[in-house]
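Naming convention: chains lettered A, B, ... in sequence-line order (proteins, then strands); numbering from 1 in each chain.
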Amino acid sequence: MNRFKDRTHKRSLLYGLVLASWTVFWLAGSSPLRAQPKDFIIIGPGGGRQLPLAVGAFRDMGTTPSDTPLGLKITQVITDDLRATGLFRILDPVTFLEDPLSSGIVPEQIDFRSWSAIGAEALIKGGFRIQGDRLEVEARLFEVIRSGMTAKYVGRPEDFRRIAHSFANEVIRHFTGEPGAFDTQIAYVSRRRGSKEIFLMDYDGYAPRQFTRNRSINLKPAWSPDGRKLAYTSYREGRPSVFVADVRKGGIRRLPLQADMATGAVWSPDGSLMAVALSRRGNTDLYLLNAQGKLLRRLTSHFAIDVDPAWSPDGKTLAFTSNRSGSPQIYLVEVSGKNFRRITFEGRYNTSPVWSPKGDLIVFNGITKGEFKLFSIRPDGTRLRRLTSLKGGQSDPSWSPDGRFLVFTLERGGKSVYLLNVATGWLRRLGRGESPAWSPWMKNS
Amino acid sequence: MRMSGVRGRIPFLMVAGLAVFLVGCPKKAPIPVKPAEPAKPAEAPDPRPAVPKPPPAPIPAPEVKVEDEDAKKAREFQQAMRQFESELIHFDFDRSEIKDRYKPVLNRKAFFLKNHPNVRIQIEGHCDERGSVQYNLALGDRRANSAKAYLVALGISADRISTISFGEERPLDSGRNEEAWAKNRRDRFVIVGQ
């Protein structure tokens, strides 16, 4: 899929609109002459209010511009992505005033007054063309205050979701300075009769596909930082061992480790190390491996159970679960093996730590009133907070690479994978499954 | 000769009637329904329940006697193996120590293993579903090794015992209550070779 962008300044065409809004702002007492295009407006939770955004239906620009199911689907994907971030107040299409038959996607064909009249401060419009096996999409973002942007995509018709996610990523980058993560993937575990296999799906739950097919028990998928490999724990050769598989090419190899059991391997953020739990003679400890899976050194050396290794984003510290104090709690240790410290002191049972991509929070699950719930805590052990008031057991959290979302397992009868916006509490069920692992940023193919 | 109408059927009817007469008329003692029961001729019915006839006495011969004992031993061994495998031991939440009430179970297993020195076993450690997947794999591993250590301390050679953990992956009871969880926190003993 090729992609090329065209950042176009449309100041002259929006001049009338800007002037109008300038007057409004002047009357309201605030200055419309805001930040230069390079400064980004902080919108949304924690930084201000939500930006009112209208997403017009993407239209088939063939010989007769028309509304088609594909256009509505593209619009829906973009709308769902942007809504999930909590940064926008998505305006209801029912309120749109513009005449769909006479309007288009270039400024000359858009009546901006009809959009600002309903309160829109940003507007997305787009069109597409299908010629045989070729889908072209042109998407535009118009803004009241600053210049918008245009993006054009080419792909196959069945890739429309990928294209829509890419544009949504760019919309987020436009407003916040950092791209969205809507084209990333989630690996997870799904039960089959008597076995558990690893599956992959889009971040929004679409396109589930089976990844392992060995009819045994497969657990704890973990992504390499370049998104090319998946490590997982499997009984496929008898006792639990760690396997590393190439996501695209499908090759698999077992990490040959001298242990009764090897579980839960995770790569360091720069990909140079792996941490893994090895069980020898009834004792489970954490060990460090090099990138090829060769044993480097022992990290914990305690008769307690030490499991669930999780790397800090700078690769210098690991969080893990240990019951060395008598019950499972969250601990930190430097990668050098020094400075063990416990950070959870409330609750009898805390496991499964995961570090936020920005390094400011550790999320874990802890038993409260007999059930697992999700909590966050600062790495210094302060600011313990419960993340949701959801009913049902919540476990196995995993962060999106942009730090905006968590996925986790929710148990209510069966087990499902849920998506949570950490700042707003917004939730979405992705489908049946458990033990999700969010991929890193996907490089363009 | 054409047989038609009632007239043509008279010879048939006569034969049929004779057959009925022969079969239906005799007033003997009722034919016994159950072949196993001995025939009871016309004497007063025995108030006691019918006693089956004893089987014919076996022909005494030394070879037949030895075969019986071997078969008996084999049967006993099968029975002991079944008991060995069917008896589980259970654990408290988040613990791997052998509880006092299960020590007799392990003692019995040690006894069996001592009497059958060729038997090799695998101990499976299991957990209830609470806790992280990886933590439960480690805890199951501990539980299996805990039972192994106990048997080894009783004199069973360690290389006869292998261990494996299934963590929370193979529950006996998928219920989400204390009762089900208690059932799932267990070690299971499987004979893997003789």
Side-chain angles (χ1 to χ4, degrees), chain A residues 189 191 194-196 216-220 233 235 238-240 259-266 276-285 303-309 320-323 326-328 348-353 364-365 367 370-372 392-393 395-396 409 411-413 415 434-435, chain B residues 91-98 122-153 158-159 161-172 174-182 184-185 187-188 190 192-193:
Chain A
V189 171
R191 285 169 199 241
S195 69
K196 283 183 171 179
S216 77
I217 296 174
N218 298 279
L219 307 164
K220 297 230 61 165
T233 305
Y235 285 77
R239 47 186 58 259
D260 295 337
M261 194 166 71
T263 65
V266 286
V276 70
L278 299 181
S279 304
R280 292 172 170 171
R281 281 198 292 273
N283 191 34
T284 305
D285 275 308
F303 58 79
I305 291 176
D306 298 312
V307 286
D308 293 346
F320 64 101
T321 303
S322 176
N323 70 345
S327 72
R348 294 186 309 123
Y349 206 113
N350 296 305
T351 65
S352 310
F364 62 95
N365 48 239
I367 291 188
E371 231 176 13
F372 266 125
S395 58
D396 312 318
T409 307
E411 167 132 33
R412 257 193 222 160
K415 289 189 176 179
E434 56 194 274
S435 197
Chain B
F91 297 86
D92 284 342
F93 177 60
D94 198 30
R95 317 286 320 169
S96 56
E97 300 89 359
I98 308 295
Q122 181 169 73
I123 306 178
E124 297 175 357
H126 297 263
C127 302
D128 69 39
E129 53 159 355
R130 297 169 293 173
S132 77
V133 163
Q134 207 179 7
Y135 185 84
N136 282 334
L137 285 172
L139 181 59
D141 180 64
R142 272 189 122 89
R143 285 174 175 162
N145 276 281
S146 183
K148 174 174 177 174
Y150 187 95
L151 292 175
V152 167
D159 57 16
I161 306 173
S162 64
T163 59
I164 189 170
S165 170
F166 282 102
E168 57 180 83
E169 308 304 320
R170 291 253 163 97
L172 265 185
S174 56
R176 305 201 63 230
N177 50 62
E178 268 305 332
E179 212 187 301
W181 291 331
N184 295 331
R185 297 191 295 266
D187 274 349
R188 181 174 168 244
V190 183
V192 295

First locate atom [atom1] of [X], then atom [atom2] of [Y], and finally report the distance between them rounded to the nearest 0.5 Å.
| X | Y | atom1 | atom2 | result |
| --- | --- | --- | --- | --- |
| A:F320 | B:Q134 | CZ | CD | 12.0 Å |
| A:N323 | B:S96 | CG | OG | 8.5 Å |
| A:D260 | B:S165 | CG | OG | 10.5 Å |
| A:E411 | B:R130 | CD | CZ | 12.0 Å |
| A:R239 | B:T163 | CZ | OG1 | 6.0 Å |
| B:R142 | A:I305 | CZ | CD1 | 4.5 Å |

For the residue pair [X] and [Y], what are the closest heavy atoms and their distance?
| X | Y | value |
| --- | --- | --- |
| B:A138 | A:V307 | CB-CG1, 4.0 Å |
| B:Y135 | A:D308 | N-OD1, 4.5 Å |
| B:D94 | A:S327 | OD2-CA, 4.2 Å |
| A:G282 | B:N145 | CA-ND2, 3.4 Å |

**Study point:** Exceeds 12 heavy-atom contacts within 6.0 angstrom, atom CZ of A:R412
**Key:** yes
Check your understanding: Would you find more than 12 non-hydrogen atoms of other residues, nucleotides or ligands less than 6.0 Å from B:F93 atom CZ?
Key -> yes
Study note, to complete from the structure: From the list A:G370, A:S435, A:P328, the residue making the most non-hydrogen contacts under 4.5 Å with chain B is A:P328
Check your understanding: Who pairs with A:K415 by side-chain hydrogen bond (donor to acceptor under 3.5 Å, both in side chains), at least two apart in sequence or on another chain?
Key ->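 Once residues adjacent in sequence are excluded, A:K415 has no partner under the side-chain hydrogen bond (donor to acceptor under 3.5 Å, both in side chains) criterion.
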Study note, to complete from the structure: Applying a strict 4.5 Å limit to non-hydrogen atoms, the region of B:E178 in contact with chain A is neither
Check your understanding: Checking B:R143 against chain A: side chain, backbone, both or neither under 4.5 Å from a heavy atom?
Key ->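 The answer is neither part of B:R143.
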Point to revise | By ring-ring contact (aromatic ring centres under 6.0 Å, His included) - contacts of B:F166 (at least two apart) | key: A:Y235, B:H126
[X], part contacting chain B, at a heavy-atom distance under 4.5 Å:
| X | value |
| --- | --- |
| A:R191 | neither |
| A:S395 | neither |
| A:D306 | neither |

Point to revise | Non-hydrogen side-chain atoms of B:V133 and A:V189 separated by less than 4.5 Å | key: no
